[in-house]
Amino acid sequence: MSAIADNLQAVQARIRDAAKLAGRAPESVRLLAVSKTWPLSSVLAAADAGQPAFGENYVQEGVDKVAATAGQALEWHFIGPLQSNKTRPVSEHFDWVHSIERLKIAERLSEQRPSHLKPLQVCVQVNVSGEVSKSGCSPEEALELCRAVAALPGLQLRGLMAIPEPTDDLAAQRAPFRQLREIFEMIRAAGLPLDTLSMGMSHDIEAAVAEGATIVRIGTAIFGERNYA
Ligand SMILES: *Cc1c(COP(=O)(O)O)cnc(C)c1O
């Protein structure tokens with residue numbers, strides 16, 4: 001087996017163990033393989049090992065990989081910051097966008113979604129306490145932004161996403177994930193049918209699954225340390 005296939009199995013085992021510990025069905029957590037900075041060969045190795053869904057942060061790199069794997073029935077998720085002048089290629093090539101943080105971007109994605117494709121599946125990114133970057137809407141804005149996004153015809157609102165600051169302490173890891181889940185539950189209680197909590201990366205899979213993640217976004221634990229040089 002390739003190292004990537006071994007790593008995928010190890011990550012699946014971490015998800016399974018964390019789900020069991022939380023009393024959740026392991027199938028309720030989907031693994032998104034974050035392939036940013038890695039070559040097409042790494043994506044193909046993971047796909048050969050049975051991994052169906054991939055995440056990318058940079059528009060051109062992502063679009064190139066989507067085009068190069070057309071016909072393989074892979075699912076592509078855009079998870080990085082998105083500027084308004086880059087929405088068109090994302091809307092034309094990706095299946096999901098996790099990083100909706102303002103309405104303007106969502107409106108452009110909706111308008112630009114080709115009519116022969118199913119609506120773009122989207123998550124609103126929320127800036128929970130201890131967020132690494134300043135991206136994401138504030139918790140107070142989340143409900144209103146979700147309502148507006150849910151009304152756009154080219155998009156299907158699926159849930160929320162967050163990227164908390166890395167820390168080694170499990171309790172500290174869980175707090176922002178819990179906060180995101182509470183916002184998720186509040187928005188569901190307000191009548192929006194969200195089903196996706198996109199949270200958890202290589203170092204905090206267990207905390208995210210314990211707090212209800214339905215998609216974990218994993219790069220390093222599958223492909224290795226990234227080299228941005
Ligand atoms: C890079 C990235 C990941 C993957 O992080 P790892 O620590 O490598 O698992 C997940 N989500 C987002 C938004 C990212 O940018």
Side-chain angles (χ1 to χ4, degrees), residues 3-15 17-18 29-39 42-43 45-46 49 51-63 65-66 75-83 86 90 94-102 105 109 120-137 158-170 172-174 176-177 179-180 196-229:
I4 288 174
D6 283 341
N7 292 344
L8 273 168
Q9 284 203 350
V11 169
Q12 292 286 12
R14 282 176 67 187
I15 293 171
D17 291 349
V29 187
R30 288 188 73 201
L31 171 57
L32 183 66
V34 177
S35 46
K36 66 177 181 223
T37 78
W38 293 100
S42 301
V43 171
Q51 173 62 30
F54 293 84
E56 288 283 333
N57 285 57
Y58 309 107
V59 174
Q60 192 56 51
E61 180 189 353
V63 165
K65 287 177 185 162
V66 176
E75 186 178 278
W76 288 95
H77 295 229
F78 189 81
I79 62 174
L82 187 50
Q83 284 153 8
K86 297 274 183 64
V90 169
F94 281 81
D95 302 295
W96 282 68
V97 173
H98 293 223
S99 42
I100 302 284
E101 53 179 346
R102 52 201 174 92
I105 298 289
L109 288 168
L120 190 62
Q121 309 294 295
V122 302
C123 293
V124 162
Q125 183 175 352
V126 183
N127 193 324
V128 290
S129 53
E131 188 87 0
V132 180
S133 62
K134 288 296 148 236
S135 50
C137 72
R158 297 295 298 271
L160 304 179
M161 185 269 239
I163 316 173
E165 187 83 52
T167 156
D168 290 334
D169 177 65
L170 186 69
Q173 287 175 355
R174 285 183 65 157
F177 293 144
Q179 189 192 356
L180 191 70
T196 300
L197 264 177
S198 168
M199 59 188 197
M201 301 171 38
S202 293
H203 62 279
D204 54 17
I205 294 175
E206 287 77 8
V209 170
E211 294 295 345
T214 67
I215 297 182
V216 290
R217 308 178 311 268
I218 310 301
T220 309
I222 297 171
F223 298 108
E225 292 289 339
R226 283 180 293 276
N227 180 354
Y228 287 97

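Atoms within a ligand are numbered from 1 in the order they appear, just like the ligands themselves. Here the structure is a predicted model, which means the values were calculated and not measured.
Atom numbering of ligand 1 starts at 1 in the shown order; those under 4.0 Å from a heavy atom of R217 are 4 (C), 9 (O), 10 (C), 11 (N), 12 (C), 13 (C). Those atoms of ligand 1 with a heavy atom of T220 less than 4.0 angstrom away are 6 (P), 7 (O), 8 (O), 9 (O). Every atom of ligand 1 with a heavy atom of I163 under 4.0 Å away is listed here by number and element: 13 (C). Heavy-atom contacts of I218 reach the following atoms of ligand 1: 9 (O) (cutoff under 4.0 Å).
Among R14, Q173, R174, the one residue that satisfies the side-chain hydrogen bond (donor to acceptor under 3.5 Å, both in side chains) test with E206 is R14.
Ring planes of F78 and F94: perpendicular class, angle over 60° (limits at 30 and 60°).
Closest approach of W76 to S35, counting heavy atoms only: CZ3-OG, 3.9 Å.
Given atom 12 (C) of ligand 1, the protein heavy atom at minimum distance is I79 CD1, 3.5 Å. Closest to atom 1 (C) of ligand 1, if we only count protein heavy atoms, is K36 NZ, 1.4 Å. Closest protein heavy atom to atom 5 (O) of ligand 1: M201 CE, 3.3 Å.
With a 4.5 Å cut-off on side-chain heavy atoms, I222 and L31 count as touching. Looking at heavy atoms from C-beta onward, H98 lies in side-chain contact with R217 at the 4.5 angstrom threshold. No side-chain heavy atom of N227 sits less than 4.5 Å from a side-chain heavy atom of E225. When side chains are defined from C-beta on, T196 counts as touching W96, because their heavy atoms get closer than 4.5 Å.
Distances between N or O atoms of M161 and those of ligand 1 include no value under 3.5 Å. In terms of polar-atom proximity, S202 is counted as a contact of ligand 1, with an N or O under 3.5 Å from an N or O of the ligand.
Residue contact check for ligand 1: H98 places no non-hydrogen atom closer than 4.0 Å to it.
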